[in-house]
Amino acid sequence: MKWKSFFLTCFAMFFIVSTAQAATSISVVVNDRPIKTDVAPFIKNGTTFVPLRSIEQIEGISIKSWNNKTKTLVIAHPTKSMTFSVKQNQSESMLIKDNRVMVPIRFIAENFNSDVAWDANTKTVQVAKLNEEMKANLNSDDVTTSRLAAITIPRITTLKEITGGQSSAGSFQLLFPEGESKAFFIIENSTIDYYKVKGNAAWLTWSGKIGGNENKFWITNSGISSEVGQRPKINDRLFFYKVSSHSGQSQYGYLSNTGKETILGSKDMNSLDELYPILEENEADQMKKTE
């Protein structure tokens with residue numbers, strides 16, 4: 001019995017330690033892709049360090065050279081290069097830990113014009129970096145091209161996830177303020193998320209759980225049972241796409257600023273790549289420009 005008690009105690013201690021380690025592990029996500037590392041990232045004095053090879057996952061960044069004698073590292077990008085050593089300020093330098101080179105991911109990524117965010121809820125470092133083609137699409141004068149880029153670029157969130165919604169069974173809605181492309185809503189699984197494009201990413205600034213009339217989700221005390229972030233104010237119409245990924249069909253139309261829904265038509269749509277212009281919105285936009 002004593003041996004049994006001993007083994008049970010050891011197992012419990014091992015489980016507690018393993019659980020604690022798992023709970024404090026740090027994840028790295030680059031352009032919405034989780035990065036696997038053979039050495040765990042860690043935080044030291046508020047700076048997150050990752051294995052050297054991890055930064056090559058960031059668009060355009062490569063390791064140009066490593067001098068083992070001087071412990072000097074050169075990181076390159078088509079537009080510039082940077083030199084690092086262990087002699088600099090810690091938040092801007094690399095570390096040698098267990099014979100592995102660890103680098104400060106935020107400092108490097110931001111110096112190469114990437115966006116970086118820390119999600120304290122999931123202990124995740126999020127990095128976003130767009131290529132030139134995607135930047136051009138995002139800034140296109142064609143609103144549909146710009147919208148397609150906006151909904152497919154990396155997404156960043158630091159908000160606590162809202163869970164418990166009912167499954168949408170493969171259906172979802174996209175909603176854009178009239179004439180805009182760099183702000184949008186996604187309704188799926190009884191939750192609604194609001195994203196604003198800034199820099200290299202679409203940033204989640206508000207999320208709500210639908211608990212009433214989903215066509216009035218922006219109105220205080222109407223349609224939302226719980227929320228995190230700052231609920232946006234809507235003054236213009238919202239043009240929407242209701243998409244069923246199972247049937248490959250979509251409906252399109254708009255919501256008035258009072259929540260009245262108008263369906264304008266339907267079209268085949270099997271993927272986000274098939275996002276199409278809503279002619280009635282384009283015509284209204286053209287009329288405004290000529291006034």
Side-chain angles (χ1 to χ4, degrees), residues 22-37 39-61 75 77 79-80 82 84 89-95 102-132 134-135 137-139 146-147 149-163 174 180-186 188 191-209 226-232:
T24 57
S25 63
I26 297 170
S27 300
V28 178
V29 174
V30 177
N31 284 5
D32 293 335
R33 300 189 308 271
I35 303 302
K36 293 183 179 180
T37 61
V39 177
F42 64 89
I43 297 175
K44 185 174 183 180
N45 295 336
T47 299
T48 302
F49 290 86
V50 300
L52 175 59
R53 291 294 176 186
S54 301
I55 63 170
E56 289 190 306
Q57 302 298 317
I58 302 173
E59 177 72 28
I61 293 180
I75 298 174
H77 184 272
T79 59
K80 67 176 181 178
M82 297 184 68
F84 297 85
N89 181 290
Q90 178 182 293
S91 65
E92 302 177 1
S93 68
M94 63 185 183
L95 296 177
M102 307 293 287
V103 295
I105 188 169
R106 177 183 287 275
F107 180 76
I108 292 174
E110 289 184 340
N111 270 277
F112 287 102
N113 300 317
S114 303
D115 287 309
V116 183
W118 168 253
D119 186 350
N121 301 296
T122 59
K123 293 182 172 57
T124 301
V125 179
Q126 302 164 87
V127 181
K129 182 72 163 65
L130 300 181
N131 58 36
E132 293 305 315
M134 187 59 78
K135 287 180 181 178
N137 289 339
L138 189 61
N139 295 311
S146 183
R147 282 177 175 177
I151 61 177
T152 54
I153 64 174
R155 296 177 188 173
I156 287 179
T157 177
T158 58
L159 299 180
K160 186 176 181 180
E161 183 181 8
I162 290 182
T163 59
L174 292 170
E180 293 188 31
S181 60
K182 295 183 179 179
F184 60 92
F185 297 88
I186 297 179
E188 189 174 18
T191 61
I192 180 163
D193 296 324
Y194 179 64
Y195 291 88
K196 293 194 71 174
V197 174
K198 182 180 69 172
N200 295 274
W203 296 70
L204 180 65
T205 62
W206 174 74
S207 184
K209 184 177 180 180
S226 60
E227 62 187 318
V228 291
Q230 183 65 44
R231 191 185 301 200

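The figures here come from the full heavy-atom set of this structure, side chains too, leaving out hydrogens, waters and symmetry mates.
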Novice: Going by the side chain to side chain donor-acceptor pair (under 3.5 Å) test, which pairs reach into residues 149-161, not counting sequence neighbours?
Specialist: none
Novice: Are F112 and E59 side-chain neighbours, meaning at least one heavy-atom pair lies under 4.5 Å?
Specialist: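 Of all side-chain heavy-atom pairs linking E59 with F112, none is under 4.5 Å.
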Novice: Kindly give the heavy-atom pair with the smallest separation between A202 and A150, and that separation in Å.
Specialist: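 Closest heavy-atom pair between A202 and A150: CB-O, 4.0 Å.
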Novice: Check the orientation of F49 and F42. Use parallel for under 30°, tilted for 30 to 60°, and perpendicular for over 60°.
Specialist: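 Ring orientation of F49 relative to F42: parallel.
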Novice: So which pairs with a foot in residues 107-116 pass side chain to side chain donor-acceptor pair (under 3.5 Å), sequence neighbours left out?
Specialist: R106-E110, D115-N200
Novice: Taking atom NZ as the centre, does K80 end up with more than 12 heavy-atom neighbours from other residues, nucleotides or ligands that are less than 6.0 angstrom away?
Specialist: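 Result for NZ/K80: enclosed.
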Novice: Please name all residues satisfying side chain to side chain contact (heavy atoms under 4.5 Å, CB included) with N139, sequence neighbours left out, ordered by chain then number.
Specialist: K182
Novice: Measure across P51 and T37 and return the closest heavy-atom pair with its distance rounded to 0.1 Å.
Specialist: CG-CB, 3.9 Å
Novice: Roughly how far, to the nearest 0.5 Å, is the CH2 atom of W118 from the CD1 atom of I105?
Specialist: 11.0 Å
Novice: Heavy atoms only: give me the nearest V125-V116 pair and the separation to one decimal.
Specialist: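 V125 and V116 have their closest heavy atoms at CG1-CG1, 4.1 Å.
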Novice: Might you point out which heavy atoms bring A109 and V127 nearest each other, and give the distance in Å?
Specialist: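 The answer is CB-CG1, 4.1 Å.
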Novice: For residues 191-200, pull every pair meeting salt bridge (Lys or Arg N to Asp or Glu O under 4.0 Å), keeping only residues two or more places apart or in separate chains.
Specialist: none
Novice: For the NZ atom of K135 and the CG atom of L130, what is their distance to the nearest 0.5 Å?
Specialist: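 One gets 6.5 Å once the value is rounded to the nearest 0.5 Å.
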Novice: Do the rings of W206 and F185 sit parallel, tilted or perpendicular, given the 30° and 60° boundaries?
Specialist: perpendicular
Novice: Could you give the distance from OG (S207) to CD1 (I162), rounded to the nearest 0.5 Å?
Specialist: 4.0 Å
Novice: Please confirm whether the backbone N or O of G208 pairs with a side-chain atom of T191, one donor and one acceptor, at under 3.5 Å?
Specialist: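 Side chain of T191 to backbone of G208: no pair is present.
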Novice: I need the T47 OG1 to M102 CE distance, nearest 0.5 Å.
Specialist: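 The OG1 atom of T47 sits 12.5 Å away from the CE atom of M102.
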Novice: Roughly how far, to the nearest 0.5 Å, is the CD1 atom of I156 from the OH atom of Y195?
Specialist: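 So the gap between those two atoms works out to 11.0 Å.
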Novice: Under the side chain to side chain contact (heavy atoms under 4.5 Å, CB included) rule, collect the residues that match up with V103, sequence neighbours excluded.
Specialist: V50, L52, I55, L73, M94, V101, I108
Novice: If we ignore hydrogens and angles and just use 3.5 Å, is the side chain of N31 paired with the main-chain N or O of R33 as donor and acceptor?
Specialist: no
Novice: What distance do I35 atom CD1 and R53 atom CZ have between them, rounded to the nearest 0.5 Å?
Specialist: 14.0 Å
Novice: Test I186 against L174 for side-chain contact (heavy atoms from CB on, under 4.5 Å), laying out the working first.
Specialist: CA-CA 5 Å; I186 297 179; L174 292 170; 3.6 Å; yes
Novice: With sequence neighbours excluded, tell me which residues meet salt bridge (charged side-chain N to carboxylate O under 4.0 Å, His left out) with E227.
Specialist: R231
